[in-house]
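Below is one structure, written out as structure tokens; the observations come after it.
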Amino acid sequence: MAEDVNTVETQIVDGADKKARQIPRNQNKPSTSNQEVIKIQAWWRGTLVRRTLLHAVIRALIIQRWWKHILTKLMERRRRTALETFTRKEWAAVKLQSWIRMWRIRRRYCRLLNAVRIIQAYWRCHSCASQGFIKGQYRVTANQLHLELEILLGSGPCIVTECIPLPIKQ
């Protein structure tokens, strides 16, 4: 039964004589030497070590990827902040330049408008004097209208005297 299958080393529980008893081996199984067992054990232990190292490498890669992702996010946030700061400064500079340009153009426009008003005032005053002024007298008689006009222009007075006959109905 169990004695036929394998070589079994047994120990006596009482312990007085610890003698190994060997059971005859099955003749069909190939015998394995101590060297072959050591090679198989070394291969298995190497496989376990390689598996452990592979898991350690995979975990290290996961941590490295996570850390690179965090650094990328941090750099992106810094870049965005720097870009927003730059944009805000540029916008402020452009706004200031446009206000200064507007102020200069408005000041120039106000000066020009003031000059136009002064020129218009002098021209209107001059125009009144040059357009002239009419002063006259008239007198009506029975059959005539005597008209005497004095026209003052910028160059000098002009006097016009006229007698216009009136049509009388008979």
Side-chain angles (χ1 to χ4, degrees), residues 2 5-9 11 28-140 145-164:
V5 178
N6 283 331
T7 304
V8 179
E9 292 181 353
Q11 296 178 354
N28 293 337
K29 278 200 158 187
S31 66
T32 57
S33 68
N34 205 10
Q35 284 292 58
E36 290 174 348
V37 170
I38 291 174
K39 281 185 180 180
I40 292 172
Q41 287 176 346
W43 171 81
W44 179 246
R45 287 181 186 140
T47 302
L48 290 178
V49 167
R50 282 189 294 278
R51 187 183 300 165
T52 305
L53 289 175
L54 179 66
H55 287 290
V57 166
I58 289 173
R59 289 180 185 125
L61 286 175
I62 290 172
I63 292 170
Q64 286 173 354
R65 265 192 227 134
W66 173 80
W67 183 244
K68 284 180 185 178
H69 181 70
I70 295 296
L71 286 179
T72 304
K73 277 186 176 179
L74 194 69
M75 291 302 289
E76 180 66 25
R77 193 174 301 136
R78 286 181 186 164
R79 188 188 66 81
R80 181 172 295 282
T81 304
L83 184 63
E84 286 174 359
T85 304
F86 175 76
T87 304
R88 204 172 299 121
K89 286 180 182 178
E90 284 293 312
W91 182 83
V94 167
K95 194 72 166 176
L96 187 62
Q97 287 171 355
S98 95
W99 283 347
I100 289 174
R101 269 189 246 114
M102 180 190 69
W103 175 74
R104 288 177 66 195
I105 289 171
R106 180 167 170 73
R107 191 175 67 174
R108 185 176 171 194
Y109 172 74
C110 288
R111 285 181 184 165
L112 185 66
L113 193 62
N114 193 23
V116 165
R117 286 180 182 151
I118 291 171
I119 290 170
Q120 284 176 347
Y122 279 114
W123 180 254
R124 285 181 184 144
C125 183
H126 177 69
S127 290
C128 287
S130 66
Q131 281 181 359
F133 185 103
I134 300 175
K135 183 164 72 157
Q137 299 175 8
Y138 68 92
R139 136 185 111 172
V140 180
L145 171 65
H146 293 283
L147 189 61
E148 189 176 317
L149 296 174
E150 185 180 350
I151 301 171
L152 297 173
L153 292 173
S155 59
C158 176
I159 299 174
V160 176
T161 306
E162 199 65 44
C163 285
I164 301 171

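One distance of note links CD1 of Ile58 with CD1 of Ile63; it measures 12.5 Å at 0.5 Å rounding. The structure places CE of Met75 at 14.0 Å from CD1 of Ile70, a figure rounded to the nearest 0.5 Å. In this structure, the separation between CZ on Arg139 and NE2 on His146 is 4.5 Å, given to the nearest 0.5 Å. How far OH of Tyr109 is from CG of Asn114: 11.5 Å, rounded to the nearest 0.5 Å. Summarising the geometry, atom CZ belonging to Arg111 is positioned 10.0 Å from atom CZ belonging to Arg108; distances are rounded to the nearest 0.5 Å. Here the CD-CD1 distance, from Gln97 to Ile100, works out to 7.5 Å after rounding to the nearest 0.5 Å.
The minimum heavy-atom distance between Trp43 and Arg50, with the atom names listed, is O-NH2, 4.2 Å.
For residues 70-86, the side chain to side chain donor-acceptor pair (under 3.5 Å) pairs, not counting sequence neighbours, are Glu76-Arg79.
Here the side chains of Gln64 and Leu61 are in contact, with some heavy-atom distance below 4.5 Å.
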